[in-house]
Amino acid sequence: MNCKNQKVLTSTFEKEVCEGLSAFPKYLSSKFFYDEIGDELFQKIMALPEYYLTRAEYEIFKTHKSDIIQRFDENQEGFDLIELGAGDGKKTKVLLHELLDNHFDFTYTPIDISQNAIDGLVKNLKKEMPEVVVQGQRGEYFEVLDRLQHMSNRKKVIMVLGSNIGNLLHSRAIQFLKKLCNVMHSGDFLFMGFDQKKHPQKVLDAYNDKTGITAAFNKNILTRINKELNANFDIDTFMHWETYDPESGTAKSYLVSKEKQTVDIDNLSMQVHFEAWESIHTEISQKYDDTIVKWLTKESGLKIVKSFSDQNNYYKDYLITKA
């Protein structure tokens with residue numbers, strides 16, 4: 001099925017679903033996991049005992065919050081705190097409280113692909129921390145980067161938490177970091193989380209919990225296609241599958257068709273054929289060590305100023321500036 005032969009596709013969702021399910025091997029972007037249901041499922045994932053990432057980064061913030069905010073604005077001249085992929089902001093609130101308690105002059109701009117997540121966070125912050133100036137924006141990372149340059153002339157601290165960088169293979173991660181470098185001025189900071197390499201089973205368990213919540217989260221992309229593009233995926237005929245390669249540090253998520261089948265996507269005027277055990281690649285979750293992060297930043301015109309780790313060294317947040 002060739003997307004070029006279809007009717008004019010208007011939304012990013014339509015275009016990328018058509019392209020991904022027309023390709024061989026098939027793929028879909030993990031950014032489409034997120035809608036109201038997907039947001040709720042991801043909240044449950046972050047609370048799972050297997051999903052160490054959120055707890056590790058939260059521990060870093062609780063342990064090192066004073067040092068982190070002092071480094072954000074050592075001269076206390078005021079700055080804009082811009083967070084890409086803000087989600088529910090639970091971890092960020094630790095820093096926001098610390099910034100308020102120490103009377104820093106800052107604004108907070110959370111950015112997320114999910115309007116539902118942004119609306120919820122802005123509403124919650126108005127109630128919990130009314131003193132914080134919040135300017136929530138919906139958008140994809142690459143669309144938002146150009147906006148960052150024009151937000152204000154003040155110093156910027158750009159945060160990318162939750163190891164969101166891990167959704168990109170190294171080549172694309174360097175492209176992303178280069179674009180961030182290009183919108184940064186001298187003195188600006190990037191504060192970015194990188195999930196560290198560890199026991200392979202620990203990684204696999206984090207993306208394949210026993211209760212099946214991660215599987216439901218992965219399958220939500222098919223549920224969205226059914227709902228928003230008038231398709232007839234039989235969700236039960238697809239299984240969630242996770243792999244991890246300790247050599248490359250790459251974890252991959254798939255949806256695997258358990259039988260030969262054909263799916264109709266009416267809004268795209270297309271049929272998608274699956275052989276038994278054919279896969280749809282939905283997500284990568286890259287793992288790192290200091291050597292890899294140093295290489296990525298150097299290739300992107302950046303340099304590491306300092307890193308902060310949890311007590312198990314499962315996870316690190318790096319403070320990065322222009323080289």
Side-chain angles (χ1 to χ4, degrees), residues 29-31 57 60-61 64 67-75 77-87 91-92 95 99 104 106-113 135 137-197 248-250 284-309 315-323:
S29 172
S30 59
K31 66 189 175 187
E57 192 163 42
I60 290 169
F61 282 22
H64 302 287
D67 192 4
I68 291 169
I69 67 159
Q70 292 297 332
R71 289 176 179 275
F72 280 179
D73 193 18
E74 286 181 326
N75 299 322
E77 297 173 341
F79 68 101
D80 296 324
L81 184 63
I82 300 161
E83 183 173 5
L84 304 184
K91 293 169 291 190
T92 307
L95 299 184
L99 288 164
F104 278 76
F106 72 100
T107 63
Y108 175 50
T109 303
I111 297 165
D112 201 279
I113 191 172
Q135 302 164 340
Q137 294 194 35
R138 179 187 179 277
E140 294 183 33
Y141 295 168
F142 291 100
E143 290 177 356
V144 171
L145 290 177
D146 289 335
R147 292 188 227 158
L148 299 183
Q149 287 178 300
H150 309 293
M151 283 184 174
S152 79
N153 293 321
R154 293 211 299 181
K155 176 180 182 175
K156 293 190 292 292
V157 177
I158 303 169
M159 293 202 306
V160 186
L161 306 180
S163 199
N164 282 334
I165 187 74
N167 293 140
L168 306 174
L169 290 170
H170 291 330
S171 59
R172 287 196 62 215
I174 290 169
Q175 291 174 11
F176 178 57
L177 289 168
K178 280 181 176 177
K179 288 187 178 183
L180 282 173
C181 182
N182 288 338
V183 301
M184 292 168 66
H185 298 114
S186 178
D188 289 349
F189 284 121
L190 173 63
F191 190 69
M192 183 172 278
F194 290 82
D195 192 17
Q196 302 293 292
K197 288 184 175 182
S248 66
T250 306
I284 74 155
S285 301
Q286 193 71 38
K287 309 306 168 191
Y288 306 87
D289 56 30
D290 285 339
T291 302
I292 297 171
V293 178
K294 187 175 181 180
W295 169 69
L296 288 172
T297 52
K298 185 178 180 181
E299 290 292 310
S300 309
L302 299 164
K303 64 179 180 181
I304 299 167
V305 177
K306 186 175 174 61
S307 66
F308 303 88
S309 177
Y315 192 97
K316 286 187 180 181
D317 285 298
Y318 294 79
L319 187 67
I320 297 165
T321 190
K322 294 191 78 152

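Note that the coordinates shown come from a computational prediction; the quantities given were computed from them, not determined experimentally. All heavy atoms count here, side chains included; hydrogens, waters and symmetry mates do not.
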Check against side-chain contact (heavy atoms from CB on, under 4.5 Å), K156 and H185: CA-CA 8 Å; K156 293 190 292 292; H185 298 114; 3.5 Å; yes
Gap between atom OG of S309 and atom CD of E57 - 0.5 Å precision: 11.0 Å
Any side-chain heavy-atom pair of N164 and L84 under 4.5 Å: no
Distance in Å, L161 CG paired with Y315 OH, rounded so as to fall on 0.5 Å steps: 6.5 Å
Residue K322 excluded, over 12 heavy atoms near NZ under 6.0 Å: yes
Separation of L168 CG from F176 CZ (nearest 0.5 Å): 7.0 Å
side-chain contact (heavy atoms from CB on, under 4.5 Å) assessment of I174 paired with W295: CA-CA 10 Å; I174 290 169; W295 169 69; 3.8 Å; yes
Heavy-atom check, side chain of I165 versus side chain of L296, under 4.5 Å: no
Considering all heavy atoms, the nearest K316-D290 contact: NZ-OD2, 2.9 Å
Atom pair CG (D317) and CE (M159), whose distance is rounded to the nearest 0.5 Å: 9.0 Å
F194 and Y288 aromatic ring geometry - parallel, tilted or perpendicular at 30°/60° bounds: perpendicular
Main-chain N/O of I113 paired with R138 side-chain donor or acceptor, under 3.5 Å: yes
Atom of C181, atom of G301 and distance for their closest heavy-atom approach: SG-O, 3.5 Å
Note, Q135 side chain near D80 side chain (heavy atom, < 4.5 Å): no
Shortest non-hydrogen separation from T321 to D188 and the atoms involved: OG1-O, 3.1 Å
Minimum heavy-atom distance between N167 and S285, given as atom pair plus value: ND2-OG, 4.4 Å
Audit row: L319, F72, side-chain contact (heavy atoms from CB on, under 4.5 Å) steps and yes/no: CA-CA 9 Å; L319 187 67; F72 280 179; 4.0 Å; yes
Parallel, tilted or perpendicular: ring planes of H64 versus F308, cut at 30 and 60 degrees: tilted
Min side-chain heavy-atom separation T92-Y108 under 4.5 Å: yes
Euclidean distance, D67 CG relative to I60 CD1, rounded to 0.5 Å: 12.5 Å
Which atom of R71 lies closest to which atom of F189, heavy atoms considered: O-CE1, 3.1 Å
Sidechain N-carboxylate O distance under 4.0 Å for D195, K287: yes
L99 side, atom CG; L95 side, atom CG - distance, nearest 0.5 Å: 6.5 Å
Test applied, side-chain contact (heavy atoms from CB on, under 4.5 Å); reference residue, M192; option that passes from I304, L180, L302, V293: L180
I292 and H170, any side-chain heavy atoms less than 4.5 Å apart: yes
Pairwise side-chain contact, L177 with L190, heavy-atom cut-off 4.5 Å (strictly under): yes
Trace of the side-chain contact (heavy atoms from CB on, under 4.5 Å) decision for F104 with L81: CA-CA 11 Å; F104 278 76; L81 184 63; over 6 Å; no
